[in-house]
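Data block below; observations after.
Protein chains get the first letters and strands the later ones, always in sequence-line order, with residue 1 at the start of each. No hydrogens, no waters, no symmetry mates; every other heavy atom, side chains included, goes into these values.
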There are 2 protein chains.
Amino acid sequence: MCRGRGDKALTRPRSRRGGGRPTIADVARKAGVGAITVSRALREPGRVSEDLRRQILAAVDELGYVPDPNARALASARAEVFGVLVPSLTNNVFAEVVRGIYDSLSDSPFRIQIGNTHYSGLEEERLLQVFGSQRPAALIVAGIDQTPSARRLLENAGCPVVQVMETGPDPVDMMVGFSHFDGGRTAAEHLLEAGYRKIGFIGARMDPRSQRRLAGYRAAMEAAGLFDPRLITTTPVPSSVSLGRELFRDALAKMPTLDGVFCNNDDIALGVLFECHRASIDVPKQIGIAGFNDLDMMQVSFPSITSVRTHRYEIGTRAVAMALAAIAGNRPEQRIVDLGFELMPRESTAR
Amino acid sequence: MCRGRGDKALTRPRSRRGGGRPTIADVARKAGVGAITVSRALREPGRVSEDLRRQILAAVDELGYVPDPNARALASARAEVFGVLVPSLTNNVFAEVVRGIYDSLSDSPFRIQIGNTHYSGLEEERLLQVFGSQRPAALIVAGIDQTPSARRLLENAGCPVVQVMETGPDPVDMMVGFSHFDGGRTAAEHLLEAGYRKIGFIGARMDPRSQRRLAGYRAAMEAAGLFDPRLITTTPVPSSVSLGRELFRDALAKMPTLDGVFCNNDDIALGVLFECHRASIDVPKQIGIAGFNDLDMMQVSFPSITSVRTHRYEIGTRAVAMALAAIAGNRPEQRIVDLGFELMPRESTAR
DNA sequence: CAGACAAATGGTAGCGCTACCATGATTGGG
DNA sequence: CCCAATCATGGTAGCGCTACCATTTGTCTG
């Protein structure tokens with residue numbers, strides 16, 4: 001059983017499958033050290049003497065050595081990957097969060113893997129399964145309404161988990177966001193204070209966050225004794241500017257005496273504004289408009305549109321900061337971070 | 001040398017680093033077959049008898065086995081990853097391309113890794129280096145103006161490469177896009193045909209594609225004998241609606257007799273439209289406006305805005321289709337795919 | 001100055017999977 | 001009915017890296 005092991009034909013290294021890319025062994029040979037020392041010099045420079053470190057880095061440079069992340073992940077049972085789950089890639093809101101994540105991670109060794117759940121709980125479960133198989137360093141997921149099964153996957157992920165976009169009572173691990181209910185209520189209260197009475201709610205793609213904004217609007221309207229279910233116009237269709245215009249026409253047809261609208265997001269609000277222009281409805285005199293998220297264009301439009309500013313980029317950067325801290329071993333004491341929002345009153349509600 | 005190998009203390013498997021996740025060996029044991037047969041059953045079901053395949057799939061199901069992509073990548077020297085390089089994550093244009101890529105790859109085994117180059121050639125090189133170390137199955141990169149060093153990395157990537165967004169004469173491998181020069185020229189010609197004469201160009205973030213649109217505009221203006229460098233207003237600052245407004249004011253200040261503008265993109269065009277509203281400039285009578293990309297809102301605005309429709313989502317899906325074909329071994333005969341564009345004439349240029 | 005201890009380095013054995021080759025069973029042509 | 005060709009399956013040896021332990025060297029205490 002033992003003889004024959006030294007046989008040349010059997011021992012010959014397989015022709016480099018990797019296409020001749022230098023490996024850690026090549027670097028070690030060139031620097032005249034053991035492979036493990038190269039590994040250490042790259043990962044924990046403090047544990048290698050300065051002389052060797054210099055030699056090793058020189059060899060790395062000369063050979064153009066780049067560690068193979070797959071081999072690394074396999075050997076250490078931990079991939080340097082952040083898994084990120086968002087419901088949409090084109091919605092500016094999530095794009096901003098993702099941008100924050102990328103920017104915060106750009107000079108770390110961590111790679112990012114984005115999953116698009118398409119607002120589907122099942123798809124979220126599937127992606128969590130796929131992500132889990134890679135043993136990611138951290139997971140960042142949008143929303144707090146995971147299915148029970150998805151929640152279990154998150155709890156057993158064996159890595160820091162940050163739920164973003166919203167705050168809620170029961171984090172899987174950590175949370176960064178704000179209260180959509182309060183945001184919706186604040187917008188509605190602002191319209192009420194500005195003197196509007198028949199204030200409609202217009203929303204598309206009624207995901208859980210939209211539902212909570214609607215609930216906040218409703219709370220404000222009920223508190224003022226002005227709530228009427230016919231004020232609400234929604235659709236499950238994805239949001240867009242043109243959809244905003246259509247929904248507003250529906251809303252007006254249903255309730256011609258409407259004098260204000262809280263739009264579930266800024267795209268809708270812009271569509272409403274355009275329809276007002278087209279139908280010669282004076283904004284803010286005849287109709288007050290408030291949006292949500294405060295995209296750049298809200299301050300430029302004519303008239304400028306009142307909106308609730310949310311801190312999307314910061315949600316991304318903060319989530320990464322918390323995950324990174326947890327990875328480093330000092331989990332933040334504050335597990336739920338509420339970044340709040342800011343009402344931006346503008347011409348569209350300045351009656 | 002040979003004796004001692006069987007020694008219990010040495011042979012004992014290391015405590016499962018992976019935290020007890022089932023491995024292919026567990027599945028093999030449960031199904032009563034060799035590990036390699038499990039591997040085959042999962043990757044090339046045709047090569048395993050139906051009996052065994054059924055047994056194996058049952059075992060996989062029961063154990064909840066999910067293959068470790070890192071081990072896979074290491075053993076096969078090929079990761080099931082598409083590397084995607086875009087200059088921006090928030091720009092709707094690239095978001096749409098990326099969405100097309102995701103949708104086309106969603107039920108394939110391939111994962112996606114996005115890199116954000118921030119419009120920087122150096123950053124692109126760095127990311128290519130990082131991506132290369134993973135031996136991706138394919139690379140999709142935006143643009144055709146790679147640095148020489150980035151181009152070399154792409155050529156040596158050892159996988160299909162698709163350059164997207166533009167067409168050009170000299171693909172690294174494959175290409176999907178359209179001619180930005182023609183797009184710019186078409187928009188300018190349309191404005192000229194509509195009777196506008198002093199047609200300005202307004203652009204932000206003058207990346208190579210913007211430059212080519214500008215060149216197309218210039219060609220049209222020169223052909224009409226109407227070109228004047230003072231008609232051009234640009235800035236390297238990232239594009240936004242509010243920036244569009246500001247640049248338009250600059251343009252007007254510089255050349256008060258302006259009677260039309262071709263905007264490098266729709267955000268800018270929207271900003272121009274808003275400024276016209278604010279300054280009571282009649283569109284399309286006093287000023288004609290044309291945008292680029294044809295975002296949804298262009299058809300809804302008041303007045304609706306003429307734009308050049310580009311097929312961004314299709315660029316993503318087509319790029320994936322080509323890469324997949326190349327991976328499967330049948331490289332498409334047509335290596336350069338021009339998806340064209342479509343002028344959408346609207347109220348903003350209907351004098 | 002012996003012994004204990006820390007710091008620096010290296011060897012070995014896997015991580016979980018697949019490429020490569022070997023083997024046995026089955027088929028078909030002469 | 002034999003031998004070659006084909007098919008189905010398995011064994012072995014890595015892929016490139018790091019965890020774990022062993023070894024060496026230098027440093028400090030009493």
Provide, to the nearest angstrom, the distance between the [atom1] atom belonging to [X] and the [atom2] atom belonging to [N].
X      : N      : atom1 : atom2 : answer
B:N70  : D:dT18 : CG    : C1'   : 14 Å
A:L63  : D:dG16 : CG    : P     : 14 Å
A:Q134 : C:dG16 : CD    : P     : 15 Å
A:L74  : D:dG14 : CG    : C1'   : 12 Å
A:R72  : C:dG14 : CZ    : C1'   : 18 Å
A:R78  : C:dG16 : CZ    : C1'   : 16 Å
B:R29  : D:dG11 : CZ    : P     : 13 Å

task: Could you tell me whether A:E80 and A:R111 have a side-chain N and a carboxylate O separated by less than 4.0 Å?
output: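 Answer for the salt bridge query: no.
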task: Report the C-alpha separation of B:S49 and B:R53 in whole Å, then their side-chain angles, then the decisive distance to 0.1 Å, and conclude whether the side-chain hydrogen bond (donor to acceptor under 3.5 Å, both in side chains) test is met.
output: CA-CA 6 Å; B:S49 71; B:R53 201 187 328 145; over 6 Å; no
task: Side chain of A:I36 only, please: which of C:dC17, C:dG10, D:dC15 is the nearest?
output: C:dG10
- request: For B:R152 and B:Q146, test the side chains for any donor-to-acceptor distance below 3.5 angstrom and give the result as yes or no.
  value: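 Judged by distance alone, the side chains do not pair up.
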task: Can you pull out how bent the helix from C:dC1-D:dG30 to C:dG30-D:dC1 is, comparing the axes over its first five and last five pairs, to 10°?
output: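 Overall, the helix from C:dC1-D:dG30 to C:dG30-D:dC1 bends by 30° from one end axis to the other.
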- prompt: For residues 38-57 of chain B, which residues have at least one heavy atom under 4.0 Å from DNA chain C?
  reply: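 Contacting residues: B:S39, B:R43.
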- prompt: So, is B:T37 near the phosphate of D:dG10, with a side-chain N or O under 4.0 Å from OP1 or OP2?
  reply: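 Yes, B:T37 has a side-chain N/O under 4.0 Å of OP1/OP2 on D:dG10.
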